[in-house]
There are 2 protein chains.
Amino acid sequence: MSDLLERLRGRGWRMTSQRRVVAEVLGGEHVHLTADEVHARAARLLPEIARATVYNTLGELVALGEVAEVSTDGRAKRYDPNAHHPHQHLVCSGCGTIRDVHMTGDPLAGLPQEQRFGFTVSGAEVTYRGLCPSCARGPGPDPGPSRAAGEGPEPA
Amino acid sequence: MSDLLERLRGRGWRMTSQRRVVAEVLGGEHVHLTADEVHARAARLLPEIARATVYNTLGELVALGEVAEVSTDGRAKRYDPNAHHPHQHLVCSGCGTIRDVHMTGDPLAGLPQEQRFGFTVSGAEVTYRGLCPSCARGPGPDPGPSRAAGEGPEPA
DNA sequence: CTAACTGCAAATCATTTGCACGATG
DNA sequence: CATCGTGCAAATGATTTGCAGTTAG
């Protein structure tokens with residue numbers, strides 16, 4: 001279940017009761033909880049845990065590459081501990097629920113019936129991630145990357 | 001440029017100066033502005049326009065299917081008026097800038113060199129959208145779809 | 001004329017941050 | 001025992017909402 005704990009310990013991650021609890025909550029295979037849900041569940045095991053600690057911890061797990069962040073449009077991000085097995089997501093536009101799916105080939109061709117979990121699939125979306133030329137030049141002395149995008153004379 | 005205006009008018013969309021301005025700002029082909037940027041630009045043409053009006057208007061355009069919402073992780077959503085031509089996005093993890101790209105076949109195979117715009121591409125992400133079985137049963141009398149997902153005995 | 005749209009400001013929501021205290025290695 | 005993690009509460013940033021006034025059709 002939680003090789004996650006093992007892996008983290010191996011990486012010299014300082015183990016505390018709250019971190020352990022967060023890692024346990026994220027233990028399963030097809031879990032996609034929001035930070036708030038993680039906090040709620042963690043609090044069932046360790047009542048005093050603070051929301052901020054959960055956010056911090058989740059952030060670290062993401063930075064370590066042990067957990068993946070999934071943004072479902074305007075809703076709160078969800079955290080996916082299944083980061084070690086490549087897979088795709090099927091997101092419900094109504095409630096934000098996520099299911100892991102496993103596609104191959106052209107995603108725009110549709111999702112195989114047995115991977116739909118009863119969902120009415122309306123479409124697929126492909127997003128490439130990377131660094132633009134200017135951000136790739138290293139963080140630099142802070143040119144203020146925050147508000148820069150899309151402004152100005154619009155080179156697009 | 002703005003067949004968008006035409007289309008909207010045709011749909012019986014009540015035309016007001018602020019709505020016109022928002023539609024104009026979204027006129028181009030490769031524009032990906034945040035709500036705040038749309039407001040800033042709109043305000044250059046119509047100083048009194050309120051941020052809330054921009055949000056409302058953008059929301060309606062999205063509902064009408066004339067503009068697509070693009071969420072770039074934790075950052076503010078960006079709005080893409082190019083909703084009528086199917087395409088994918090290349091997002092900069094540094095500053096959130098978006099470029100439209102045009103892939104075919106298996107996205108996990110990588111993005112052709114000439115579509116990278118100088119970006120250092122680190123990966124692709126595929127997300128299917130749809131409605132889960134319970135949300136598909138219609139909005140209903142409001143069973144409270146907001147916080148429901150991911151809670152409970154975890155059917156996953 | 002009347003329903004629909006605006007503006008403004010206050011309200012939410014998700015997430016982050018500053019700082020003093022406590023626990024780990 | 002020094003460092004790193006935690007809790008709390010307040011700060012932020014994005015987006016929404018309530019309500020009275022204005023306007024398109």
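Below, chains carry the letters A, B, ... as their sequence lines are ordered, and counting in each starts from 1. Please read all numbers here as calculations on a predicted model, not as lab measurements.
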*Dot-bracket pairing map - DNA chain D, Watson-Crick plus G-U, both contacts under 3.5 Å, | cross-strand*: |||||||||||||||||||||||||

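Within the structure, side-chain hydrogen bond (donor to acceptor under 3.5 Å, both in side chains) pairs that include any residue of residues 47-62 of chain B comprise B:Trp13-B:Glu60, B:Arg19-B:Glu60, B:Asp36-B:Arg51 (at least two apart or interchain). The stretch residues 127-136 of chain B participates, sequence neighbours left out, in these salt bridge (charged side-chain N to carboxylate O under 4.0 Å, His left out) pairs: A:Glu125-B:Arg129.
The distance between the ring centers of A:His85 and A:His102 does not fall below 6.0 angstrom.
Taking 4.0 angstrom as the limit, B:Tyr55 places none of its side-chain polar atoms (N or O) nearer than this to OP1 or OP2 of D:dT16.
Following rounding to the nearest Å, A:His39 (NE2) and C:dC13 (P) show an atom-to-atom distance of 17 Å. Atom CZ of A:Arg78 and atom P of C:dT15 are 10 Å apart (whole Å). One interatomic measurement links the two molecules: CD of A:Glu37 to C1' of C:dT15, which rounds to 15 Å at whole-angstrom precision. Taking atom CD of A:Glu69 as the reference point, atom C1' of C:dT16 lies 13 Å away to the nearest angstrom.
Remark: of the listed residues B:Val21, B:Val22, B:Val25, B:Val25 is the sole one forming a side-chain contact (heavy atoms from CB on, under 4.5 Å) with B:Arg41.
Listed by chain and number, the hydrophobic cluster partners of A:Ile98 are A:Val70, A:Val91, where partners are ILVMFWY side chains within reach of under 4.5 Å, directly or through others.
More than 12 heavy atoms of other residues, nucleotides or ligands sit less than 6.0 Å from atom NE2 of A:His84.
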Can you give me the N/O atom pairs linking the protein to nucleotides 3-9 of chain D at distances under 3.5 Å, or say none if there are none?
| residue | atom | partner | partner atom | Å |
| --- | --- | --- | --- | --- |
| D:dT3 | O2 | A:Arg14 | NH2 | 3.4 |
| D:dC4 | O4' | A:Arg14 | NH1 | 2.3 |
| D:dG5 | OP1 | A:Arg19 | NH1 | 3.3 |
| D:dG5 | OP1 | A:Arg19 | NH2 | 3.1 |
| D:dT6 | OP1 | A:Thr16 | OG1 | 2.9 |
| D:dT6 | O3' | A:Gln18 | NE2 | 2.8 |
| D:dG7 | OP1 | A:Gln18 | NE2 | 2.9 |
| D:dG7 | OP1 | A:Glu48 | O | 3.1 |
| D:dG7 | OP2 | A:Ala50 | N | 3.2 |
| D:dG7 | OP2 | A:Thr53 | OG1 | 2.4 |

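For A:Arg116, the side chain to side chain contact (heavy atoms under 4.5 Å, CB included) partners are A:Leu111, A:Gln113, A:Val121, not counting sequence neighbours.
In summary, B:Glu69 and B:Arg78 do not engage in a salt bridge, as defined by a charged side-chain N under 4.0 Å from a carboxylate O.
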